[in-house]
Amino acid sequence: MKLDKSTIQNLAAHLETCELEARDTLKITDEYPEMDWDDAYAIQDEIKRRKIARGARIVGLKAGLTSHAKMKQMGVETPVFGFLADYFAVPEGGEAKMSELIHPKVEPEIAFVTKAALKGPGCHIGSVLAATDFVMPAIEVIDSRYRDFKFDLKSVVADNCSSSRFVVGGRMAPVDNLDLRTLGVVMEKNGQVVSLGAGAAVLGHPAAAIAMLANLLGERGEEIPAGTLILSGGITEAVAVQAGDNVTLRIQDLGSVNLRFA
Ligand code: OOG
Ligand code: MG
């Protein structure tokens with residue numbers, strides 16, 4: 001750790017206030033270039049602590065920057081992890097309020113729900129599939145608190161990986177008869193196809209993102225409990241949205257999920 005406790009608390013308060021007031025800021029490594037990975041995750045943990053203290057519940061986890069399309073779009077090379085709070089969830093077919101967001105983008109993702117705990121190190125695709133209750137289509141709304149989505153990895157980790165809203169829906173499908181690599185993914189905005197992909201875009205197999213998350217948490221002595229919802233990461237580049245937009249994600253064999261921006 002390079003930052004002291006009060007700096008971590010101040011940065012967490014700053015980033016969370018930007019989220020809650022829907023305003024942007026410059027990336028925090030501009031002011032604290034010495035910041036390390038532990039500092040970045042400590043700031044994210046402090047944001048989580050603030051939300052829990054205010055009565056929010058943590059309802060899931062997310063992996064981000066797990067596809068080459070996303071890494072290339074953001075100019076980074078390593079996946080990152082964040083948490084999902086209860087008020088991030090938008091009901092299927094519901095509305096996300098543009099007035100609460102800065103410059104949202106949508107991502108097509110495969111959501112996993114676990115039925116057994118996953119504890120790294122040593123988790124692999126097999127352990128993840130054995131511990132998966134079902135998968136579902138998910139649209140993640142990311143909304144980096146950094147101006148124009150300009151950040152580096154440590155800044156984005158501190159900002160809870162741009163987490164903002166998400167919707168899950170469609171069909172809950174057990175994984176035994178699915179090949180998650182070849183599942184076709186089609187995202188539409190206002191009836192026009194805006195992204196196309198397949199599950200393998202995420203680290204070769206979306207379960208690999210969950211294994212990586214379990215192994216990373218294992219290094220910190222933490223596990224993914226049974227019953228956890230996990231977003232495995234955007235399959236294609238994120239797509240910017242505006243008020244009035246209507247986004248539908250269709251995933252082969254998993255049905256569709258829809259979200260509007262009001
Ligand atoms: C970071 C979050 C990325 C994903 O699925 O890749 C993410 C960002 O691009 O702002 O959620
Ligand atoms: Mg995402």
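Every number for a ligand or one of its atoms is a count from 1 in the order of the listing. Quick caveat, the model's predicted, so the values are computed rather than measured. All heavy atoms count here, side chains included; hydrogens, waters and symmetry mates do not.
- Protein-derived N/O/S atoms nearer than 2.8 Å to the Mg ion (ligand 2) total 3, waters excluded.
- Taking a cutoff of 4.0 Å between a charged side-chain nitrogen and a carboxylate oxygen, D159 and R145 qualify as a salt bridge.
- The CG atom of D30 lies 7.0 Å from the OG atom of S155; values are rounded to the nearest 0.5 Å.
- Ion pairing between E100 and R165 holds under the 4.0 Å rule for side-chain N and carboxylate O.
- Judged by distance alone, the side chains of D4 and T7 do bring a donor and an acceptor atom under 3.5 Å apart.
- For K27 and D148, the salt-bridge test fails: no basic side-chain N is under 4.0 Å from an acidic carboxylate O.
- We find that R181 and D179 are joined by a salt bridge, their nearest charged nitrogen and carboxylate oxygen being less than 4.0 Å apart.
- A salt bridge does not link K72 with E237: none of the charged nitrogens is closer than 4.0 Å to a carboxylate oxygen.
- Residues K51 and Y87 bring a donor and an acceptor atom of their side chains to less than 3.5 Å of each other.
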Does ligand 1 have any N/O atom under 3.5 Å from a protein N/O, and what are those pairs and their distances?
residue	atom	partner	partner atom	Å
ligand 1	5 (O)	E107	OE1	2.8
ligand 1	5 (O)	E107	OE2	3.4
ligand 1	5 (O)	E109	OE2	3.0
ligand 1	5 (O)	G234	N	2.7
ligand 1	6 (O)	L65	N	2.6
ligand 1	9 (O)	K70	NZ	2.9
ligand 1	10 (O)	S162	OG	2.6
ligand 1	11 (O)	K62	NZ	2.8
ligand 1	11 (O)	E107	OE1	3.0
ligand 1	11 (O)	E140	OE1	3.0

**OP:** Apply the test salt bridge (Lys or Arg N to Asp or Glu O under 4.0 Å) to residues E95 and R260: give CA-CA distance (whole Å), side-chain angles for both, the deciding distance (0.1 Å), then the verdict.
**Re:** CA-CA 5 Å; E95 273 179 2; R260 277 169 299 126; 3.0 Å; yes
